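Naming: A, B, ... by sequence-line order, numbering from 1 per chain. Because the structure is predicted, anything quoted here is derived from the model rather than measured. Note that these values count all heavy atoms, side chains included, but never hydrogens, waters or copies made by symmetry.
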Amino acid sequence: MNYFIIGFYALVIGASTLAAYYQKRTAFILLFSLTLVSFVMGIVGGEAMLWGVTLLAGLIAFSAGVSYSFREFLIIILPRDASKEMRTAPLTAGFGLFVIFTYTIAGVFAPIIAPYGEAEVISSAFAPADENMLLGADQLGRDMFSRIIYGARNTVGLALLATILAFLMGATAGLYAATKGGKLDQLLGRIVDVIMSIPSLIFSLLLLSIFGTNTVTLIIVIAIIYAPRVFRLARSVGGNVVVMDYIEAAKLRGEGTWYLIRKEILPNSTAPLVAEFGLEFCFVFLLVAGLSFLGLGIQPPTADWGSMVRENATLISFGEMTPLIPAAAIALLTVAVNFVVDWMLYRSSGLKE
Amino acid sequence: MGDILSIIAKRLGLGLITLLVISIIIFFAVELLPGDIAQAVLGQGATEDNLAALRAELGLDRAAPVRYFEWLGNAVTGDFGNSLVSKTSVTEAISARFGNTLFLATYAAVIAVPVAILLGVLVALFRNSVFDRVANVVTLTSISSPEFFLGYILILFLAVKTGMFPAIAKIDDDMTLFDKLNRTFLPALTMVLVVVAHMMRMTRASIINLLSSPYVEMARLKGVPAWKVIVKHTLPNAWAPVINVVALNLAYLITGVVLVEVVAVTKRDFPVVQACCLIFAATFILLNLAADVGSILTNPRLRHPK
Amino acid sequence: MSQDKSVLLKIKNLRIEGYSDEKWIEIVHGVDLTLHRGEVMGLIGESGAGKSTIGLAAMGFTRDGCRISEGSSIEFDGMELTTTPASDLQSLRGARIAYVAQSAAASFNPAHKLIDQHTEAPVQYRIKKRLESQEDAMELYERLRLPNPREIGFRYPHQVSGGQLQRAMTAMAMACRPDLIIFDEPTTALDVTTQIEVLSAIRDIVDQFNTAAIYITHDLAVVAQMADVIKVLLKGDEVEEADTRTMLENPKDDYTKSLWAVRDFKRDQKPRPTEGLPLISVKNVDASYGDTPVLHDVSFDIFEGMTVAVVGESGSGKSTTARCITGLLPPTSGEVLFKGQPLPPDYRNRTKDQLRQAQMIYQMADTALNPKVKICDIIGRPAQFYSGLHGPELKSRVDELLDLIELDPSQYYNRYPPELSGGQKQRIGIARSLAADPTFIICDEVTSALDQLVAEGILRLLDKLQNELNLSYMFITHDLATVRSIADEVVVMQYGKVVEQGPKDEMFKPPHHEYTDLLLSSVPEMDPDWLTTLLEERGVDDIGEAARASKQED
């Protein structure tokens with residue numbers, strides 16, 4: 001028993017008691033579960049584990065603080081309608097927006113932010129962090145931090161382009177099929193079923209090994225693989241709108257298919273489609289990272305998070321955190337996007353009632 | 001009952017046709033290679049002799065449709081030809097891995113499915129409580145993280161730092177079941193974490209979706225206790241989406257694992273890739289079919305026609 | 001059977017708040033209510049009056065997003081429900097206070113058999129054993145005159161018809177022999193001929209067990225048959241309360257009087273023009289959905305400037321006939337003529353002018369107007385599409401149309417449909433059809449989703465427009481009151497066939513076709529003795545007779 005452990009338990013127990021005394025139900029449940037978890041962790045893992053718990057709790061508190069201030073910031077600077085929406089956003093969505101914002105800045109201004117070039121070798125392999133290198137060096141002695149910044153531009157940019165392409169193809173075809181119905185609808189539905197029953201990773205592997213691995217083919221292949229998912233959603237969302245009487249009224253007026261899609265169906269399908277865009281982006285992003293991790297994605301020396309995980313993988317058995325950093329960068333972005341999407345889905349479903 | 005059987009027969013037929021179309025895509029995609037397979041496999045530096053030898057071995061001198069039917073016929077009997085890299089039977093190579101995968105997937109599924117449904121029911125029961133919100137954040141995080149990230153974290157903390165479980169999941173037939181389970185605990189846990197969140201969220205969502213329906217309000221107004229409202233009045237009507245997501249995740253479990261292994265070794269080993277594609281597509285279709293049948297069987301309107 | 005008349009339910013100063021737009025808004029403003037044992041109270045009012053909310057509050061229940069305010073008191077048999085813990089409230093529901101919902105089809109769980117849902121509450125409260133309760137269910141089914149009372153309980157909800165389900169639900173409410181049952185619009189979703197069976201079944205069983213009831217409805221004639229006392233509500237406030245006969249004969253409040261007066265609007269019947277071809281002529285039309293035939297040899301004419309009402313219950317094929325005329329469902333045989341010229345069966349083959357001539361107004365204004373399009377664009381689009389108007393011309397046309405439907409252009413020009421009330425939306429729907437400058441408009445149940453006063457306004461507007469613009473209407477409806485007020489000619493349909501047709505005044509005078517007779521006699525009237533008299537008139541083989549006989553044996 002040292003002062004840290006005593007202090008730690010005194011703090012969590014004291015805080016739980018205070019919460020209970022002032023009848024802060026939510027706070028009490030959170031704090032008391034933390035106390036119970038700490039007991040178990042403390043017994044199993046000893047002091048080190050408790051430090052871990054403290055660190056984690058601190059990290060969560062810190063992100064909550066950042067999310068809160070970022071949300072307040074957005075409420076102030078956004079125009080009135082948008083800021084009213086922001087007020088309803090949970091902290092998780094604020095966190096998501098903050099992360100997305102940071103990544104965008106990092107991606108756009110990569111050459112300015114990164115201290116070294118993308119492929120610049122500046123020290124020995126796997127050199128530890130020092131005052132020049134924030135996160136140490138990779139397997140070739142390039143600056144890890146700079147490569148992560150450039151990775152934001154390459155990996156995210158590529159995933160974004162592929163998602164947009166998939167969306168243009170899938171949403172257009174889906175809404176068209178929903179409006180037209182009949183044979184064409186069934187045919188497109190069948191094609192989509194076929195493509196979707198081939199596992200995406202192996203299908204992209206097959207296509208990439210045939211057409212070669214360069215950025216353009218990568219984007220097209222991924223878009224083809226993910227367009228069917230968008231098609232399905234657009235088809236079902238559009239299908240719900242098409243049965244409305246106002247569509248019948250427009251058809252009986254003699255309006256053409258494109259008018260129906262643009263003016264009548266699309267405005268009523270944006271909410272689920274935008275949310276789907278976020279989700280789809282996550283899947284595409286993970287697939288890009290996965291392909292790169294397997295050496296099929298973005299090719300070296302271009303910095304990319306997926307391949308960075310693989311290249312530094314050996315360090316994991318030495319208990320090093322380094323390979324986890326690009327992996328964490330991937331995870332953080334997908335989590336952030338999902339937080340925002342979750343909020344948007346909640347809102348769009350809430351508005352229906 | 002006749003209705004159900006005919007629906008199922010229809011789905012089965014559709015599944016078979018889909019599989020056939022996929023086999024055509026898989027086979028003829030390779031034909032689109034610039035040059036031919038031999039050129040693609042051996043690369044620019046290959047001599048004419050080497051190329052000719054490989055072409056002869058693969059029978060490229062015959063027309064593509066002929067080779068397709070030959071390939072398909074062999075595939076149906078379980079023969080996928082030889083690997084271009086190791087020259088050994090593809091079927092043997094895959095089946096060994098496939099066995100391991102099935103073991104791992106079953107292991108993960110046996111833990112994941114009940115846990116996910118139980119947790120889903122619990123969060124639906126205590127919706128909007130702290131428990132529900134924490135669960136929401138945690139599941140969302142674990143769904144959106146790449147699995148290698150989760151895998152690495154688990155390896156780092158449970159194997160390397162604390163040494164509770166072995167990091168390398170090598171198993172062979174001589175091991176006892178317990179040993180196998182212990183050895184494969186980490187990968188299985190990774191998979192469980194990835195799929196539980198997804199299934200649990202779907203269970204919660206489909207239950208919550210039904211909570212505003214008039215028959216649930218009726219049950220409440222009959223004085224049925226809250227847990228019974230969930231278990232007896234919503235769950236039986238919520239199965240279809242849950243079954244679908246379970247099937248999707250099982251397919252993911254089965255295809256996910258081997259893939260990572262196979263892909264890493266065989267970038268240009270087309271027979272292996274084709275075989276994997278076909279087997280996994282078949283698995284996928286089969287599981288979807290099972291999910292369809294499950295949804296039909298749990299739908300009282302279809303089970304008890306007028 | 002004891003005839004205890006003590007006070008069962010006493011509600012004092014009931015205030016209920018609903019949560020919307022991030023604040024609590026009061027929706028029920030201090031309502032008092034006293035109900036004695038064995039008494040039936042009718043709660044009546046238009047949508048938004050708070051009837052259902054009050055009904056549910058009598059069970060100590062509020063829907064999600066609602067709460068009972070401080071200071072309200074709900075005393076049931078000496079127990080204060082607003083302070084009773086949730087678990088005790090739960091054991092009160094079903095056992096001592098039961099609920100019968102509007103849509104029985106949606107309120108029975110599709111996954112369980114009727115009888116299992118019936119026995120759930122009695123078994124839960126250990127009032128009866130499972131088998132005992134099943135036996136009791138069958139007996140109740142018999143009393144409620146359900147066919148095959150010993151077997152029907154073992155069916156699933158989707159295997160039973162709507163009227164039967166509604167009776168099974170009443171039986172379920174009776175399962176624990178409660179002191180009080182809340183009926184929330186139990187016959188609103190039913191056809192008139194089915195409604196009678198359910199009404200008489202409910203009335204008898206409530207009588208037999210001396211159960212107190214709160215009967216919620218918007219239909220005055222229905223409540224007149226069912227209630228001992230009527231309470232009129234308006235926007236969460238009580239307007240007045242009196243026993244049924246006093247209330248019907250001598251309403252005090254102006255609002256109540258206006259409700260009573262609604263059925264007065266009646267237009268004189270116009271004769272057919274003596275010369276010229278009919279504007280629309282439906283000739284021997286057969287139609288089917290897939291392999292299921294739905295229309296058989298339907299023929300009728302609509303002359304210029306006239307209103308033809310097509311009447312029938314659900315499934316009679318009246319809306320399908322409209323689909324054949326508009327070309328959404330091409331007939332399998334027969335044809336539709338416009339001024340003597342056959343129209344192409346499929347709307348996609350019709351000319352722009354043919355499409356323009358025939359317009360449609362829908363039942364649900366909510367789904368008939370695109371919620372994401374501004375009013376000016378909704379109305380402006382047909383004018384732009386058919387007449388090529390744009391710029392200031394288009395704007396003045398839209399203003400003119402808004403004036404026609406009596407909405408202020410400056411106020412509504414830039415609004416979106418969700419911001420409008422039901423009646424206003426229906427008016428926009430009318431304006432959109434007028435924008436095409438048509439000669440013929442199909443009105444598909446245009447008033448059935450609206451409150452009576454609002455519906456009345458719409459009918460008057462349609463009548464005014466017909467006179468000003470010389471329009472012809474095809475009026476699809478199941479409501480004979482609407483037919484009485486606006487039609488010139490009537491077409492009665494049943495099972496996809498035209499049963500009878502002719503001028504309105506002839507149709508409402510005997511002799512009728514058998515089905516027309518049934519339909520006409522089934523429409524509830526404001527006379528509290530109407531149901532009793534009708535059931536007696538319908539004779540000895542009538543179902544009500546048997547029940548009364550069995551009651552005398554008790």
With sequence neighbours left out, write down each residue that passes side chain to side chain contact (heavy atoms under 4.5 Å, CB included) with A:Val37, or none if nothing qualifies.
A:Met41
Checking B:Thr18 against A:Asp193: is there a side-chain donor and acceptor pair closer than 3.5 Å?
no
Out of the candidates B:Met200, B:Arg201, B:Arg133, only one should pair with B:Val123 under the side chain to side chain contact (heavy atoms under 4.5 Å, CB included) rule; please name it.
B:Met200
Side chain, backbone, both or neither of A:Ala328 within contact of chain B (heavy atoms, under 4.5 Å):
both
Heavy-atom distance under 4.5 Å to chain A: side chain of B:Ile17, backbone, both or neither?
neither
Would you say the side-chain atoms of A:Arg232 pair up with the backbone N or O of A:Arg229, donor to acceptor, closer than 3.5 Å?
no
Can you say whether B:Val137 sits under 4.5 Å from chain A via the side chain, the backbone, both, or neither, judging by heavy atoms?
both
Please answer whether the main-chain N or O of A:Ala331 pairs with a side-chain N or O of A:Thr334 as donor and acceptor at a distance below 3.5 Å.
yes
Counting only heavy atoms closer than 4.5 Å, note whether B:Asn288 contacts chain A via side chain, backbone, both or neither.
neither
Applying a strict 4.5 Å limit to non-hydrogen atoms, the region of A:Phe339 in contact with chain B is both
Does A:Ala329 offer a backbone N or O that forms a donor-acceptor pair with the side chain of A:Tyr103 under 3.5 Å?
yes
Heavy-atom contact with chain A under 4.5 Å, split by part of B:Leu14:
side chain
Examine whether an atom of A:Asp342 lies under 4.5 Å from a heavy atom of chain B, and if so say whether it belongs to the side chain, the backbone or both; otherwise answer neither.
side chain
